Number of protein chains: 2
Amino acid sequence: MPALRHLDDLSHAPASADWLNTILKGDCVAALNRLPEKSVDVIFADPPYNLQLEGDLHRPDQSKVDAVDDEWDQFESFAAYDAFTRAWLLAARRVLKPNGTIWVIGSYHNIFRVGAIMQDLGFWILNDVIWRKTNPMPNFRGRRFQNAHETMIWASRDPKAKGYTFNYDSMKAANDDVQMRSDWLFPICTGNERLKDEHGDKVHPTQKPEALLARVLMSSTKPGDVVLDPFFGSGTTGAVAKRLGRNFVGIERQQSYIDAARARIAEVKPLEVQALEMLTGKRAEPRVAFVSLIDAGLLQPGAKLYDSRRRWSAQVRADGTLACGDVAGSIHKVGALLQNFESCNGWTFWNYEHNGELISIDRLRSIARHGAERAGA
Amino acid sequence: MPALRHLDDLSHAPASADWLNTILKGDCVAALNRLPEKSVDVIFADPPYNLQLEGDLHRPDQSKVDAVDDEWDQFESFAAYDAFTRAWLLAARRVLKPNGTIWVIGSYHNIFRVGAIMQDLGFWILNDVIWRKTNPMPNFRGRRFQNAHETMIWASRDPKAKGYTFNYDSMKAANDDVQMRSDWLFPICTGNERLKDEHGDKVHPTQKPEALLARVLMSSTKPGDVVLDPFFGSGTTGAVAKRLGRNFVGIERQQSYIDAARARIAEVKPLEVQALEMLTGKRAEPRVAFVSLIDAGLLQPGAKLYDSRRRWSAQVRADGTLACGDVAGSIHKVGALLQNFESCNGWTFWNYEHNGELISIDRLRSIARHGAERAGA
DNA sequence: CCCCGTGTTGAATCGTGTC
DNA sequence: GGACACGATTCAACACGGG
């Protein structure tokens, strides 16, 4: 029984195991079952999302959206997806060390099922972490809110495990000396970082940004730890693990992904740890929505706004728009329409009255922004 | 059978129903079952998620769950919570109108179970929305990320329901003319807004901020809609609904919460009607037939139309169709055929020439609309 | 070299009314 | 209920080419 002997060898010498820093080809449950139990420090998993798309979607310029319609994302039903999820999570739990933790990323299509099954299997959720995208795809038809985030679940192997790794101090130091929050802001993976094939097409439809993986690994692993990714894809987990001095194991079914990931990882040079602060530092100044002044109680619905020479006045409405006669819209649009300009900066155009004096609503924006900055927006 | 007669009365006259703008005392499932079916536009639910502390979990058969905090009993606890969740969601779904939507808020302790059950019951998730807290409670022990957000699930009653309310134009205008995203930033409820009892203690442990409810209701309801909150608590939903000119129904078991909520809501003054008017986009405008531009003399038969870059030109015919070579048809169809697109908005595609400049025929459409409005059409 | 305008793209559960 | 016509709808980032 060569397979069994092989498994025995691994469980006796996991530190020098020949599966470290390699990509195992095959079905993820089968490959997981070939690994020794309790051999992995952290698992990062980006499973299929079960998107359930129907028909095509076009942008307003009539170009077609390149949907994720790959075979690996097709499931017959919620029950089929649940069975798949249960199987790989169970196999993943076996290879996790008692103090190991697991990260799973998903969207509203699948993450609730994944989270419930994780709880059912005995995983203990430590945090759910929101990846806020700086540049998400718009909602082209204007039928919902722009889907601007994805959710990650971070969990320990079981409730009693208190010895998991969390690098609290380095997270806090990287976040201007305040605790790292559960909402993280990163761009999606584009530009040179995005792997392209010889035709210029993307190698993988859902490549994750390295900055996201860097924060995951910096927060919950130590140098030399073993990081497993059972849905390796284009190998972002492996590339970041190598760069940060961690060991990786990838599992992937599709040969084209394996080839691309292997070539990518070969190019990676391990880094000194100091470069990390660039990846985890704060991002751009937050934009403040006019409606947030109403939310914050800085302006009341029904309040009057004036331009600086009181030529026009307009009324604030509860939905965050302005109205002046039969003209209505955003603060910018109404300002432009009244002046018959193409555009107008409503923040500097509009003023509110206080003790008989006009004060720019931009002052209110500064107040609102101050609150937002403290939130690490 | 007085109970049944009562129910009949309600279903015959929901508009003047005596349960509108009241708080129903009792178990949430029982109270929901006393309401007429398909009578509610939007549900906002903030269900309990404390698995051990309160004995308020009931199985569908109304038997009380024996709350336990032993670790080995987590499976039993999850199952009991699932049964409770399934029961109230099912009852809530019955009272929801076919085009109604539901919001449920929760944290990682319960939201994954809630979301999975919602999908199992046939709700169709439209968005998950993240409430990012500007001032969350710190993680005192430094063992995890600061839990700085809560998750809301927004779902329609079933997948085929496309007619749900989403005030896209309001949301966009209120957000500086870019789409409202799925991550919202608000402070937690503190200060004067937080209800306190005579001892200065907080009335309710998880009172939600009114700004959060205001955005929920402004985005997904219209004035006069009926908003149901099956876990009414301190009555934030009712207070905001009343202020925004919506009707509410609350369900609450605990008398102290009912008393506090009733007093709170009585103090609320509804906003003036003008402040409640909402921005509507082109979708809400009346249809204008292209031929009516010719009827009104705004365009002459034989006039030439051009696309914005003058790649194509077409001739207006007396019957309200366009002709370009051997291509003829509606303004939309000709635009689509010329560009080889599946569809085309002819109103924004075609322009007429005036003093050497191209002007969109959409301008003529708004002139025609104004004329029609003034004529009382 | 930079600047600017143009074009492309990203895990998407993305109509409605009339005949 | 099905077919068909109407016509509404996008944000940030990056690549590329020309000046």
Side-chain angles (χ1 to χ4, degrees), chain A residues 46-70 72-73 75 78 105-111 131 133-151 186-194 196 200-202 204-209 231 233 283-284 287, chain B residues 119 123-128 155-156 158-164 166 168-169 172 175-182 280-290 309 329-333 335-336 341-350 361-362 365:
Chain A
D46 183 11
Y49 286 10
N50 188 23
L51 237 38
Q52 301 180 254
L53 304 177
E54 288 181 9
D56 292 337
L57 179 64
H58 292 88
R59 299 185 182 82
D61 66 4
Q62 305 288 351
S63 62
K64 190 178 156 192
V65 174
D66 184 18
V68 177
D69 51 5
D70 304 70
W72 48 255
D73 199 43
F75 293 86
F78 281 136
I105 186 168
S107 66
Y108 66 83
H109 309 83
N110 71 321
I111 197 65
W131 169 26
K133 303 179 184 184
T134 60
N135 50 348
M137 190 187 296
N139 184 290
F140 293 115
R141 305 299 294 265
R143 307 297 304 179
R144 306 179 177 188
F145 298 100
Q146 182 184 30
N147 189 9
H149 73 273
E150 294 189 27
T151 299
F186 291 110
I188 61 176
C189 183
T190 58
N192 287 331
E193 190 185 324
R194 188 90 195 208
K196 304 281 171 57
D201 298 325
K202 58 193 175 195
H204 193 279
T206 70
Q207 183 179 340
K208 296 292 176 289
F231 305 97
R283 298 271 157 181
R287 196 175 40 76
Chain B
Q119 290 179 312
F123 289 104
W124 193 245
I125 300 180
L126 299 168
N127 280 113
D128 56 339
S156 61
D158 58 48
K160 281 173 292 190
K162 307 286 190 188
Y164 58 86
F166 177 57
Y168 174 78
D169 298 290
K172 182 174 173 177
N175 193 40
D176 281 24
D177 291 324
V178 292
Q179 296 187 334
M180 189 68 80
R181 295 167 47 111
S182 55
T280 55
K282 283 185 175 178
R283 281 191 187 99
E285 298 280 301
R287 288 277 170 96
V288 172
F290 178 66
R309 291 200 275 165
S330 72
I331 53 173
H332 314 292
K333 179 156 277 178
F341 285 168
E342 290 198 358
S343 69
C344 167
N345 183 342
W347 289 109
T348 51
F349 180 72
W350 292 109
I361 62 171
D362 210 26
R365 179 168 65 162

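What you see is a predicted model; the values in this text were computed from it and never measured. Lettering of chains follows the sequences in order, A, B, ..., and the numbering in each one begins at 1.
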Using a heavy-atom cut-off of under 4.0 Å over every strand shown, decide if [X] touches base, sugar-phosphate, or nothing.
X       : value
W72(A)  : base
L126(B) : nothing
D46(A)  : base
D73(A)  : base
R365(B) : sugar-phosphate
P136(A) : base
G281(B) : nothing
P47(A)  : base
K196(A) : nothing
C344(B) : base
T190(A) : sugar-phosphate

Nearest-Å distance, [atom1] ([X]) to [atom2] ([N])?
X       : N       : atom1 : atom2 : value
Q146(A) : dA12(D) : CD    : P     : 8 Å
R283(B) : dT16(C) : CZ    : P     : 8 Å
D66(A)  : dT8(C)  : CG    : P     : 14 Å
K208(A) : dG10(C) : NZ    : P     : 13 Å
Q207(A) : dA11(C) : CD    : C1'   : 13 Å
F140(A) : dG10(C) : CZ    : P     : 10 Å
N50(A)  : dA12(C) : CG    : C1'   : 13 Å
E193(A) : dG10(C) : CD    : C1'   : 14 Å

In whole angstrom, give me the gap between the [atom1] atoms of [N] and [M].
N       : M       : atom1 : answer
dA11(C) : dA5(D)  : P     : 36 Å
dT9(D)  : dT9(C)  : P     : 24 Å
dG7(C)  : dT10(D) : C1'   : 14 Å

Taking for each residue the nucleotide of DNA chain D bearing the nearest heavy atom, is the 5' side occupied by S343(B) or by M137(A)?
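The 5'-side residue here is S343(B).
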With nearest nucleotide decided by heavy atoms, which residue, R141(A) or G191(A), maps closer to the 5′ end of DNA chain D?
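This one resolves to R141(A).
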Nearest-neighbour nucleotide for the [X] side chain, [options] considered:
X       : options                   : answer
Q62(A)  : dA11(C), dA8(D), dT9(C)   : dA8(D)
N345(B) : dT16(C), dA5(D), dG7(D)   : dG7(D)
N192(A) : dC6(D), dA8(D), dA15(D)   : dA15(D)
R59(A)  : dA12(C), dT10(D), dA11(C) : dT10(D)
L53(A)  : dA12(C), dT9(D), dT10(D)  : dA12(C)
D169(B) : dT9(D), dT9(C), dA12(C)   : dT9(D)

Tell me if a side-chain donor or acceptor on W131(A) pairs with a main-chain N or O of F186(A) at a distance below 3.5 Å.
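Here the side-chain-to-backbone pair exists.
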Side chain to side chain, K282(B) and W347(B), heavy atoms closer than 4.5 Å:
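No, too far: nothing below the 4.5 Å cut-off.
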Side chains of F140(A) and Q179(B): closer than 4.5 Å at any heavy-atom pair?
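No - every pair of side-chain heavy atoms lies 4.5 Å or more apart.
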Complement of [N], any strand, by Watson-Crick or G-U distances under 3.5 angstrom:
N       : answer
dT16(C) : dA5(D)
dC11(D) : dG10(C)
dG17(D) : dC4(C)

Can a salt bridge be assigned to the pair D169(B) and K172(B) using a cut-off of 4.0 Å between side-chain N and carboxylate O?
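So D169(B) does not pair with K172(B) through a salt bridge.
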For a side chain to side chain contact (heavy atoms under 4.5 Å, CB included) check, start with the C-alpha distance between F145(A) and D128(B), then their side-chain angles and the critical distance, and finish with the verdict.
CA-CA 9 Å; F145(A) 298 100; D128(B) 56 339; over 6 Å; no
Name the residue closer to the 5' end of DNA chain C, choosing between Y164(B) and P48(A) according to the nucleotide with the nearest heavy atom.
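First, find each residue's nearest nucleotide; the 5'-ward one identifies P48(A).
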By nearest nucleotide on DNA chain C, pick out whichever of N147(A) and N135(A) is the more 5' one.
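Looking at the nearest nucleotide for each, N135(A) comes out on the 5' side.
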Do S107(A) and H109(A) pair up side chain to side chain, a donor and an acceptor below 3.5 Å, judged on atom types alone?
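S107(A) vs H109(A): donor-acceptor pair found between side chains.
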Determine the minimum heavy-atom distance between Q207(A) and R194(A), stating which atoms define it.
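Minimum heavy-atom contact is N-NH2, 3.6 Å.
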